[in-house]
Amino acid sequence: HIVWVGLLMGLVTIASQWLFLNDNDAHWQTMVFTILCLSQLGHAVAIHAGDVSVFTKGFFANKIFFGAITLAFLAQMAVVFIPVFNPIFQTQPLSLTELGMCLAGSSVVLIAVEIEKALRRRRKAS
């Protein structure tokens, strides 16, 4: 699991870098950085639910875990959208469209792990 998820995260990150690469270094780097961070959060959410689908178990089943994920997400958004952090982290604010693209790209990991769990459950049932 660690190997294929690590490879998938790397592939998604490199593919996003290729897609977003342009003359404005900090801007495309912000998108790639955000995809990598949100992919990690999505993976944490998926594996926290164990073999059960996170969509079945629910995102709010463990309030402390939900709080930690929310805090990490807000920290990532702060690094991107709060101007004082931009020079420190060499980031630039993203448009809503770009943020949506980052959310879509990073959700690949969560969806892939959910598919793996569904296949594992199906194999157990048969």
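No experiment lies behind these values; they were computed from the predicted model shown.
Applying the salt bridge (Lys or Arg N to Asp or Glu O under 4.0 Å) rule to pairs touching residues 68-85 yields nothing, sequence neighbours excluded.
Proximity of a side-chain donor or acceptor of Ser39 to a complementary backbone N or O of Val109 within less than 3.5 Å is not detected.
Of the listed residues (Ile64, Leu74, Asn62, Val45), just one forms a side-chain contact (heavy atoms from CB on, under 4.5 Å) with Ile69, and that residue is Val45.
From Leu36, atom CG reaches atom OG1 of Thr13 across 4.5 Å, with rounding to the nearest 0.5 Å. In this structure, OG on Ser106 lies 10.0 Å from CE on Met9, to the nearest 0.5 angstrom. Once rounded to the nearest 0.5 Å, the distance linking CD1 of Ile115 with CG of Leu110 reads 10.0 Å.
Proximity of Thr30 to Glu98: side-chain heavy atoms (C-beta onward) are nowhere separated by under 4.5 Å. Within the 4.5 Å cutoff, the side chain of Trp18 has no heavy atoms near those of the Ile14 side chain. Side-chain contact between Trp4 and Val113 is present, with heavy atoms from C-beta onward closer than 4.5 Å. For the pair Gln76/Phe33, a side-chain contact is recorded, criterion being any heavy-atom separation below 4.5 Å from C-beta on.
No single ILVMFWY cluster, assembled from side-chain heavy atoms under 4.5 Å apart, contains both Ile47 and Val52. No continuous path of ILVMFWY side-chain contacts below 4.5 Å connects Phe73 to Ile111, so the two sit in separate hydrophobic clusters. Under a hydrophobic-cluster definition in which Ile, Leu, Val, Met, Phe, Trp and Tyr are linked whenever side-chain heavy atoms come within less than 4.5 Å, directly or via other members, Met31 and Val108 are assigned to the same cluster. One hydrophobic cluster, built from ILVMFWY side chains closer than 4.5 Å, holds both Ile35 and Leu103.
Closest non-hydrogen pair, Ala78 versus Phe85, comes out as O-CD1, 3.4 Å. The minimum heavy-atom distance between Asn86 and Val79, with the atom names listed, is ND2-O, 3.2 Å. Contact between Lys117 and Ser53 at its shortest, heavy atoms only, is NZ-CA, 4.2 Å. The shortest heavy-atom contact between Val32 and Gln17 is CG2-CA, 3.4 Å. Contact record, Phe20 with Trp28: O-CB, 3.0 Å, taken as the closest heavy-atom pair. The two residues Cys102 and Thr34 come nearest to each other via the heavy atoms CB-CG2, 3.9 Å.
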Using side chain to side chain contact (heavy atoms under 4.5 Å, CB included), reason through Met101 and Leu19 one step at a time and then give a plain yes or no. CA-CA 11 Å; Met101 292 167 66; Leu19 286 171; over 6 Å; no

Under the criterion side chain to side chain contact (heavy atoms under 4.5 Å, CB included), I'd like the reasoning laid out for Met77 against Ile82: C-alpha separation, chi angles, the key distance, then a yes or no. CA-CA 8 Å; Met77 294 302 102; Ile82 296 179; over 6 Å; no

Could you walk me through whether Thr91 and Phe81 pass the side chain to side chain contact (heavy atoms under 4.5 Å, CB included) test, one step at a time? CA-CA 9 Å; Thr91 57; Phe81 292 107; over 6 Å; no

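For Arg120, the salt bridge (Lys or Arg N to Asp or Glu O under 4.0 Å) criterion is met by Asp51, Glu116, not counting sequence neighbours. Remark: Ala72 pairs with Leu41 by the side-chain contact (heavy atoms from CB on, under 4.5 Å) rule, at least two apart or across chains.
Heavy atoms of other residues, nucleotides or ligands lying less than 6.0 angstrom from CG of Leu96 number 12 at most.
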